[in-house]
Structure formats: structure tokens, C-alpha cells
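What follows is a set of notes on a single structure, which appears directly below.
Because the structure is predicted, anything quoted here is derived from the model rather than measured. Just so it is clear, the values below take in all heavy atoms, side chains as well, and ignore hydrogens, waters and symmetry mates.
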Amino acid sequence: MSDKISVSLMQELLQEAYDKIKNDTGGANANYIPYLANIPSSLFGISVCLSNGEVVEVGDTNYAFGIESVSKVPTAILVMKQYGAQTLLDKIGADATGLPFNSIMAILLEKDHPSTPLVNAGAIAACSMVKPTGDPNGKWEAITDFLEALCGSKLVLIDELYKSETATNFNNKSIAWLLKNYDRIYDDPDLSLDLYTRQCSMGVTTRQLAIAGGTIASDGVNPVTGTKVFEAGISPQIVSLIATVGFYEHTGDWLYTSGIPAKTGVGGGVMGVVPGLMGIAAFAPPLDSAGNSVKAQKAIRYIANKLGVNVFGHKKFEIVQ
Ligand code: GLU
């Protein structure tokens, strides 16, 4: 027996989650990147993209916020697509660090690899590996083309965020050069860091992130555009990376309470993936101590628990009209 999910049920549930959580005052905007500190804290949106291509949403779902670390997922997929899943494992790794996203200690403790493409060190290494298109700006073009295919629409760089982050990313500079010391970065460190900083500064909406999650949930076929973005064979590895470290040092607590592999960013966005069923995204700027949006995680957890959707559970779902 499978439970039925319809657009109207999802719409009601998203509204219920939104109404319950919208006045939550927990957390604070990221303050180490000046642009993010100034984003209106009350913004809040939730979007779901079902695997049949239906998108359901509530709140500020058309506001383009900084994608930040959610961008680590598309670039990791691109590297897997270009080199294969094994090369990503060999050159970067797939282990959780258990330490903050920008930890230098994690690199020192695990000299042989940056651990996972979903923390800063591994993400900068992933950017260094991207194979360029034929364009003179080829690596950047490869990253943005892939991100847009995953989201199913154009994304715009938030120039002010890029400048703000470039002017203040001293910790990330140390990470890039420390990787060089260990031969774990595969192109010029400054250039690779610039690609990483730029990808983090792309503006994205919850609608676009839900569609990106929906594409991962649908084995690489974008459920809205119908485009095949990557080979189905790498989907389980992508979801395993997200499940392992998507919420940084709070990942275990998150998975235990929500059952949905999800990736957060300090811009306030969260993208969750339920293989075969849906992508789900939420956005609200105030963050907890690990850099994860307080309201976005509450919203996704509420919806998952209410539906009984859990990647570790047995419940089956059928999408109906
Ligand atoms: N660009 C941010 C940084 O490197 C991303 C951090 C995040 O979203 O977790 O610090």
C-alpha cells in the first residue's frame, strides 16, 4: 500500500508549515559575509518539486538569495559526471569531517584528502577539477551551465555578494593554499578559490533549488524541463554525499529528526532530496550556530514528519492528481 501525495495536499501542508514557523525568531543572519548580514531576516519561502514536474510553493519563493554552500552539490555532480564517481572519491573523498564547514583543522587532521566536496576544502578542490567548456571563461561557464541545467532556468550572479565575499574570504584563501601544500588542489589555488567564491554568490530562488533537488531525486532528469542533466548511475553517490555532511557538524541530528538528505548554505537556503519522489527547498536568512537556516530546517522537518517521508523508512508514496 502506498500513501498518496497530491498537489492540493502538498499546498495545504506547505501553508501549514509556513504559518506555524514564519514568526520564529531563532538564529541570526551570517555576519562574517557583510552582504548576508544585511538581507531582510523575515524573508521565508518553501518550494517542493514533485517528480512529475509539479511545483508547489508558499512565501518568498521568487526571492533570489545567495546559494552559498548548496552550490557545492552541483559542482560535485559535475566533477562526477566529467571524471566518474571513483575519481571524486580518490581525489577528494566522501567522509564527514564532523567539524565546521570552513575548518582548517579538518585538513590538518586528514592530510591525505579534503574529505568531501561538500565542505569548503573539498568544494574548492572540486572547482579546481572542473573541465572547461571551449569558452575563454570555460571553467566558470561549465559550472554555471550545469547549475542552470539542474535548476531548469537562468541564474544571476549577485555581484555585491561576490565582492563582499572576495574582500573577506581570508580563511578560504588559507584553505586553498593548504590544499596546495598537500597536493590536493588540481589547478591554481587562487583561480580555484575565485570559482568557488563566484559559485557561492549565485542568486537562486527556492523554486530553482526545489527543481534542482527534484532533478537529483529523478535520477538526473529535470522533472520540469525534461532534460537529462546527468547519468542515473551517480544518483546514489550524490545523495550519500548530501546525507553524510549536508548539515555540517549537525548532520546526524538533522537526519535523525527529518529523514531527508539535505544541503544547507549560509545564505539561508536548504535543498532536500527524496529519491524517486521530490526535491524540497526552503529559505530564511537567520542561521543556527553551525550555519544552517533555523526556519528552513524547521519547515522541511515539519513537512517530512507530517507526510512520513523518510529515506530510511519503508513507507511508499504515489503522486496522484
Ligand atoms: N561561501 C561561504 C564560505 O565559504 C559558504 C559557506 C556555507 O554556505 O556553508 O564561507
Using modelled atom types and a 3.5 Å cut-off, is there a donor and acceptor pairing between side-chain atoms of Asn172 and backbone atoms of Leu193? no
Could you state the interatomic distance from CG (Leu179) to CD1 (Ile104), rounded to the nearest 0.5 Å? 10.0 Å
According to side chain to side chain contact (heavy atoms under 4.5 Å, CB included), who are the partners of Glu160, at least two apart in sequence or on a separate chain? Tyr35
With the 4.5 Å side-chain cut-off for hydrophobic clustering, are Phe247 and Val309 part of the same group? yes
Would you please test Leu9 and Val320 for side chain to side chain contact (heavy atoms under 4.5 Å, CB included) and show each step? CA-CA 10 Å; Leu9 173 85; Val320 293; over 6 Å; no
Identify, with sequence neighbours excluded, every residue that meets side chain to side chain donor-acceptor pair (under 3.5 Å) alongside Lys163. Asp159
By side chain to side chain contact (heavy atoms under 4.5 Å, CB included), which residues pair with Asn310, not counting sequence neighbours? Phe312
Note, Thr144 side chain near Leu155 side chain (heavy atom, < 4.5 Å): no
Would a 4.5 Å heavy-atom cut-off, applied to side chains only, mark Phe230 and Met80 as touching? no
Approximate separation, where rounding is to 0.5 Å, of Arg184 CZ and Ser115 OG: 10.0 Å
Assess whether side chain to side chain contact (heavy atoms under 4.5 Å, CB included) is satisfied between Leu287 and Val266, documenting all intermediate values. CA-CA 7 Å; Leu287 311 177; Val266 293; 3.9 Å; yes
For Asp145, side chain to side chain contact (heavy atoms under 4.5 Å, CB included) partners two or more places apart: Thr133, Glu141
Shortest non-hydrogen pair, Gly246 vs Lys263, comes out as O-NZ, 3.3 Å
Would you say Val273 ends up clustered with Val245 if hydrophobic residues are merged whenever their side chains have heavy atoms under 4.5 Å apart, either directly or through other cluster members? yes
Could you grab the distance from atom CD1 of Ile319 to atom OG of Ser6, nearest 0.5 Å is fine? 10.0 Å
Residues passing the side chain to side chain contact (heavy atoms under 4.5 Å, CB included) test with Glu54, sequence neighbours excluded, are Val7, Leu50, Asn52, Gln321
Could you report the tightest heavy-atom contact between Asn102 and Ile175, atom names first, then the distance? O-CD1, 3.6 Å
Just so I know, are the side chains of Ile242 and Leu118 near enough to count as touching, which here means a heavy-atom distance under 4.5 Å? yes
For residues Ala64 and Ile158, report the shortest heavy-atom separation together with the two atoms involved. O-CD1, 3.9 Å
For the residue pair Ile92 and Met129, establish whether any side-chain heavy-atom pair is separated by less than 4.5 Å. yes
Which atom of Leu88 lies closest to which atom of Ala76, heavy atoms considered: CD1-O, 3.9 Å
Considering only distance and modelled atom types, tabulate donor-acceptor pairs under 3.5 Å from the side chains of residues 67-74, sequence neighbours left out.
residue, atom, partner, partner atom, Å
Ser69, OG, Lys72, NZ, 2.6
Ser69, OG, Tyr248, OH, 2.9
Ser71, OG, Glu68, O, 2.7
Ser71, OG, Gln199, NE2, 3.3
Lys72, NZ, Asn120, OD1, 2.5
Lys72, NZ, Tyr196, OH, 3.4
Lys72, NZ, Tyr248, OH, 3.3

Is it the case that more than 12 heavy atoms not belonging to Lys180 sit under 6.0 Å from its NZ atom? no
Once the angle between the rings of Phe101 and Tyr32 is folded into 0 to 90°, is it parallel (under 30°), tilted (30 to 60°) or perpendicular (over 60°)? tilted
In terms of heavy-atom contacts, does NZ of Lys173 have more than 12 from other residues, nucleotides or ligands at under 6.0 Å? yes
Non-hydrogen side-chain atoms of Thr206 and Ile46 separated by less than 4.5 Å: no
Verify the cluster assignment for Val274 and Val239: are they in a single hydrophobic cluster under the rule of side-chain heavy atoms below 4.5 Å apart? no
Any Phe65 side-chain heavy atom under 4.5 Å of Ser293 side chain: no
What residues form a side chain to side chain donor-acceptor pair (under 3.5 Å) with Thr87, not counting sequence neighbours? none
Measuring from Leu241:CG to Thr116:OG1, what's the distance to the nearest 0.5 Å? 5.0 Å
Quick note, salt bridge (charged side-chain N to carboxylate O under 4.0 Å, His left out) partners involving residues 228-257, not counting sequence neighbours, are Lys228-Glu231
Euclidean distance, Met271 CE relative to Gln208 CD, rounded to 0.5 Å: 12.5 Å
Minimal non-hydrogen separation, Leu89 against Ala94, with atom names: CD1-CB, 3.8 Å
Test log, rule side chain to side chain contact (heavy atoms under 4.5 Å, CB included), inputs Thr75 and Cys127: CA-CA 7 Å; Thr75 304; Cys127 286; 4.3 Å; yes
Taking salt bridge (charged side-chain N to carboxylate O under 4.0 Å, His left out) as the test, write out the residues that go with Arg198, two or more places apart. Asp194
Taking the side chain from Ser128 and the backbone from Ser192, do they hold a donor-acceptor pair closer than 3.5 Å? no
Indicate the atoms forming the closest heavy-atom contact of Tyr186 with Lys91, along with that distance. OH-O, 2.7 Å
Got Arg207 and Val55 here, is their nearest side-chain heavy-atom distance under 4.5 Å? yes
Under the side chain to side chain donor-acceptor pair (under 3.5 Å) test, residues paired with Ser258 that sit two or more places apart: Trp254
So which pairs with a foot in residues 293-310 pass salt bridge (charged side-chain N to carboxylate O under 4.0 Å, His left out), sequence neighbours left out? Glu16-Lys306, Asp24-Lys298
For the residue pair Gln297 / Asp288, report whether a side-chain donor-acceptor contact shorter than 3.5 Å exists. yes
Can you confirm whether Tyr302 sits close enough to Leu13 that some side-chain heavy atom of one is under 4.5 Å from a side-chain heavy atom of the other? yes
Please enumerate all residues that pass side chain to side chain donor-acceptor pair (under 3.5 Å) together with Asp187, with sequence neighbours excluded. Lys139
hydrophobic_cluster_shared for Ile238 and Val119, side chain cutoff 4.5 Å: yes
Are Tyr63 and Tyr162 connected into the same hydrophobic cluster when the rule is that any two of I, L, V, M, F, W, Y join if their side-chain heavy atoms are below 4.5 Å apart? yes
Would you check, one step at a time, whether the test side chain to side chain contact (heavy atoms under 4.5 Å, CB included) holds for Thr205 with Thr61? CA-CA 6 Å; Thr205 64; Thr61 56; over 6 Å; no
Enter the distance from Leu161:CG to Cys200:SG here, rounded to the nearest 0.5 Å. 8.5 Å
Is it the case that the side chains of Asn222 and Thr227 hold a donor-acceptor pair, with the cut-off being a distance below 3.5 Å and no angle test? no
